[in-house]
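Just the heavy atoms: all of them, side chains too, but no hydrogens, waters or symmetry mates, feed the values below. Chain naming here is simple, since letters A, B, ... match the order of the sequence lines and numbering starts at 1 in each.
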Amino acid sequence: MSELLNFNYPPEPSTDRVTLFADVILPLPLPKLYTYRIPYEMNDEVLVGVRVIVQFGAKKVLSCIVADIHENAPADYQAKYILDVLDDKPIITKPQLRLFKWIADYYMCTLGEVINAALPSALKLSSESRIQLHPHYNPEEDELILAPQEEKIIFALNNNQALTFTEVGNLLQLKSYHKFIKSLIQKEAIIIYEQVSDKFSPKVVKKIRLTEHFVQEEGLLEELFNQLTPQPKQLDVLLNYLQLVPVHQDINLNYRGTEKSALTNNPHLSASSINTLIKKGVLEQFDQIVSRFPMEHGNQQLPMALSEHQLQAKDEILGLFKEKDTVLLHGVTGSGKTEVYIDLIKHALDSGGQVLYLLPEIALTAQIVTRLMKVFGDKLGIYHSKFSDNERAEVWQGILSGRFQVIVGVRSSIFLPFHDLSLVIIDEEHEPSYKQYDPAPRYNARETGLMMAHLQGAKTLLGSATPSIESYYNCKTGRWGLVSMTKRFGEAKLPEIELVDTRREQQRKNMHSHFSAKLLTEIEERLKRQEQVILFQNRRGYAPFISCDECSWIPKCKFCAVSLSYHKYNNELRCHYCGYHERMPHDCPACGATTLKSMGFGTEKVEDELKLMLPSAEVQRMDLDTTKKKNSYQQIISDFESGRTNVLVGTQMVTKGLDFENVSLVGILNADTIINFPDFRAHERAYQLFVQVSGRAGRKGKPGSVIIQTRDPLQPIFNKVRSNDYSTLYEHEIEERMRFGYPPFTRMIRITVKHADDKAAENAAIVLTKDLSDRLGKQQVLGPEVPYIFKIRNLFLQEIHIKLPRDSTNLKAAKSQIAQAIFNLKLLADFKGIRVVADVDPV
DNA sequence: AGCACGCCGACT
DNA sequence: GTCGGCGTGCTC
């Protein structure tokens, strides 16, 4: 794998002046690469994987990635020159380029789109047109006849030296500012230039140390003390510095100095005396580039020895890796998969490769990070969407430089510049959130992670308590190895699951709003015992819709075909698809009645009502609305962990990666909305969700219980959840998938046709379906059909589903047929403004 | 994706 | 009559 690090163009000692060309990936959705000429002086600097600056089109200056270097001069056009090289070493590795190519091909998008998604924007360059005064123009002397707006611009430029176009717009308070710029250019008062700026800035701290002088010569320090005795404040500063940096013990310590803030933050020291000492030349100030991540040295020890089951699982995995590249670890919730991962990561590091540990967004919590930090210390990099851009760029660079050998990260970490991977771990592999839906690339991090491992000769370990049917099928057919952990760690028991028939309870008047009497008593019971409760409701907001009692009016989104959800905390009606929101009306806009009623319920209502019914309980809600701020998520978790809150109400977020020892009850308020989902994966999903939520209950000796409220307790799925019977579920599901030709027996591609006009969308979809049927065969193409939500953001939707056979040669051909069909459709005059999106392996 | 060139309505 | 709308088409 290490050949991959050596990107240098073959070092031919030839004296011939070779003319080289570079094919570059522009960060734009363009179907092909563009060829630029490498200026001779840059021949040695332009390498595959570095960023270069080029001019694209009339004036746009962009940074892009070099994908290939060759000597083939383009025949039919004059290649422009590369303007500049930004990196002295590649920031994209060769295996990465191969992977990006695969992503673009497989998920039917452009390389530019992949690059765009992959690079932290701190590594992308922004080019913005700017204006400045014409070098020969002197506003004081040269008399030009200027419009008042033009005067204004010149005045601003005199003070600012440069303005961006948007700044000019703001300055003039005008949308149509262009003509003034044009006119000023004509009058030769200003010029336009393009500026490319590298946005990545390393973090710098101000530090302070003694000047060389005092350290080098013996005795000078003592002399200094005597000198400073009349200025006690300055002496204080010096003494404090020596306390922090005992230079008298080891003069070498002075070189690193101490952070200036360590002195300035000390209330006993005066800032002015610090500054005086700097002025006197006693102390000096310097900048040091530091990491945005705290350095922590892991003790390289497992925090706890593996249990017998864990050891056995680990050995089985390692054994299987000898013959197979991929292994699925099927371990019940609470079986301690994480410890097994940690052990395997250590194992992989010992043999000298890199490791990627993928987790779904909601499972990448401080809990897991702390655990990993303890073991891997500063070898561990974290890649999370909540990170700032500079932090992400630092992780990126850290992998390239070898500083990070293990990355724990979310979906997008598959884009990171690994070049020597030896192990990829994909935890919670069944998670649908590994799939990105919008925008392109519509990739699945599970499949992509597998491909990445394959390209770099690494092993892949997938883990789940509830594997996806596709993955389990791969084990059954022998392609992957399978390892099972059936026991919970520390002999903890799997939770007892109890069903409550809400329909029957309603008849018996046992329902208090959305809570059954049973659930309420059980919650009260836990509160009494100082234990904790998690309540799951798969819907945020207060109510999914409201309705007028008099006239049945229901508020709908202006842009989407959905009803607006009611959010009580800010008294708003909100669309969960486009974000449109309005104030909750006081009375019905249709009939004027004051009888607006909320229908159904979300997490907010659960929280609200529980607080009313059990006033002694400390209830906290965790969903998208309460975790928007950067630290709010962590706050909620730590409040629950410390016991400040007793009941946690939440959406999907509460189902993953959270281990709270004191949780003895989990309630699922409305199981029916989860089961009755019109999708071939609905059963699988429901099973996974129920098992995952249930898994939050009872760890370490305390048996937990789960209460599931449903109107239909006879659903067979409940028995499978109750008895933890994955294999029955699998057998049932795989049989259905075979019968109806769903994955894993086929590959699906979903084509969505969008248009502002519903008739145009429909007609275009019909035309496209016809064309696709002709190309691929009638039985492969289903639809078009109008999706359940038929309009989003003012675009009407039509869907076509394509089912393709599994083998990959046909797959490639089929995809190019599909791309052709879409291309042709867009050429048709009747459908201008049409948007077509292909989603490969939709989830 | 931008951004330029190019053909039709309301204004100095 | 022009300014300016945004509709197609190209960018190495």
K.L.:
Suppose we screen for side-chain contact (heavy atoms from CB on, under 4.5 Å). Which residues come up paired with A/R411, at least two apart in sequence or across chains?
P.N.:
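Once residues adjacent in sequence are excluded, the partners of A/R411 under the side-chain contact (heavy atoms from CB on, under 4.5 Å) criterion are A/Q436, A/Y443, A/A445.
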K.L.:
Please collect all salt bridge (charged side-chain N to carboxylate O under 4.0 Å, His left out) contacts where either partner lies in residues 446-455 of chain A, sequence neighbours excluded, each pair once.
P.N.:
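Residue pairs with at least one partner in residues 446-455 of chain A: A/E429-A/R446.
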K.L.:
Give me each pair satisfying salt bridge (charged side-chain N to carboxylate O under 4.0 Å, His left out) with a member in residues 99-121 of chain A, each pair once, sequence neighbours excluded.
P.N.:
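Salt bridge (charged side-chain N to carboxylate O under 4.0 Å, His left out) check on residues 99-121 of chain A returns A/K101-A/D105.
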K.L.:
In this structure, how many angstroms lie between the P atom of C/dG7 and the CD1 atom of A/I834, rounded?
P.N.:
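Value for this atom pair: 16 Å.
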K.L.:
Tell me which pairs pass ring-ring contact (aromatic ring centres under 6.0 Å, His included) where either residue lies in residues 781-803 of chain A, with sequence neighbours left out.
P.N.:
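For residues 781-803 of chain A: none.
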K.L.:
Below 3.5 Å is the cut-off: list the nitrogen or oxygen pairs between protein and nucleotides 10-12 of chain C, distance only.
P.N.:
| unit_1 | atom_1 | unit_2 | atom_2 | d |
| --- | --- | --- | --- | --- |
| C/dT11 | O3' | A/G57 | N | 3.0 |
| C/dC12 | OP1 | A/Y36 | OH | 3.3 |
| C/dC12 | OP1 | A/G57 | N | 3.3 |
| C/dC12 | OP2 | A/K80 | NZ | 2.4 |
| C/dC12 | O3' | A/T35 | O | 3.0 |
| C/dC12 | O3' | A/K80 | N | 2.6 |
| C/dC12 | O2 | A/T35 | N | 2.8 |
| C/dC12 | O2 | A/Y77 | OH | 2.4 |
| C/dC12 | N3 | A/Y77 | OH | 3.3 |
| C/dC12 | N4 | A/K32 | NZ | 2.7 |

K.L.:
How close or far is atom P of B/dA1 from atom CG of A/L111, stated in whole angstroms?
P.N.:
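In whole Å, B/dA1 P lies 16 Å from A/L111 CG.
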K.L.:
Applying side-chain contact (heavy atoms from CB on, under 4.5 Å), name anything that partners A/A189, two or more places apart in sequence or on another chain.
P.N.:
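A/A189 satisfies side-chain contact (heavy atoms from CB on, under 4.5 Å) with A/Y137, A/L144, A/I154, A/L184 only.
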K.L.:
Rounded to the Å, how far apart are A/L62 CG and B/dG2 P?
P.N.:
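A/L62 atom CG is separated from B/dG2 atom P by 9 Å.
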